[in-house]
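Because the structure is a prediction, the values reported are computed rather than measured.
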Amino acid sequence: MVGELGLPDRTDLTDVCGAVAAYLGCSVRIVAMRLDGTASGVTARTGDGYWIFCELRTSAWHRTHIVTHEIGRLLLEHAAPGVTDRDGPAPRAAEVLGGLLMARVAPSPVDRGPEPTGQAAELAAALAPALRHRRDGPLRAAGRGGGNGGKDGAACGAGDSDGGSSV
């Protein structure tokens, strides 16, 4: 399906939306706005096309993730109407398709950009233990419930339990 869009190896969201619009035969527009925790992304259909609303107060990388996920849902719905129901494999399929699209838009893991400096470096250092804990799982020793406020000793704000994007 990604190949049918005719995207170059490296592109931006504007070009992805243009290719998807041509594929679907209607416009696809992105609107970044405050969703206040209700969702990370929402897609609406109007008489003149699709509108993808994504959380304004997050990183550009995360907005790209949100938008490519929503585009994945649009493409799946177009290919097989009804497939994007919340139950079953549809959310995972949209995530996979969105990831394939995002690989064309987001920097590769090798291109991490410059190392953080100043306050950014301090914040990264402060977050590192919580991120390691999230990656490695709950501590089995006395570290459980170490005062960080999360359930079973998990760091607060490190993400939701199902791996979704609720930032």
To check you understand the geometry: which heavy-atom pair defines the closest contact between [X] and [Y], and what is its length?
X     : Y     : value
Leu7  : Asp15 : CD2-O, 4.0 Å
Gly41 : Ile66 : CA-CG2, 3.5 Å
Cys26 : Gly49 : CB-CA, 4.1 Å

Go through it in stages, so that I can follow the logic: the residues are Leu74 and Ile52, the test is side chain to side chain contact (heavy atoms under 4.5 Å, CB included), and I'd like the CA-CA distance, side-chain angles, deciding distance and then a yes or no. CA-CA 10 Å; Leu74 289 177; Ile52 298 173; 4.2 Å; yes

Please check if [X] and [Y] belong to a single hydrophobic cluster, counting links between Ile, Leu, Val, Met, Phe, Trp and Tyr side chain heavy atoms closer than 4.5 Å.
X     : Y     : answer
Leu13 : Leu56 : no
Tyr50 : Val42 : no
Phe53 : Val20 : no
Val31 : Leu24 : no

Working to the nearest 0.5 angstrom, can you tell me the gap between [X] [atom1] and [Y] [atom2]?
X     : Y      : atom1 : atom2 : answer
His69 : Ser40  : NE2   : OG    : 9.0 Å
Leu76 : Met1   : CG    : CE    : 5.5 Å
Ile71 : Leu101 : CD1   : CG    : 6.5 Å
Arg57 : His62  : CZ    : NE2   : 12.5 Å
Leu75 : Thr68  : CG    : OG1   : 11.0 Å
Leu35 : Glu55  : CG    : CD    : 5.0 Å

With heavy-atom distances below 4.5 Å as the criterion, would you say the side chains of Trp51 and Glu70 are in contact? no

Without swapping roles, check the side chain of Arg63 against the backbone of Thr58 for a donor-acceptor pair under 3.5 Å. yes

Would you tell me whether Thr46 and Asp48 have side-chain atoms, one donor and one acceptor, within less than 3.5 Å of each other? yes

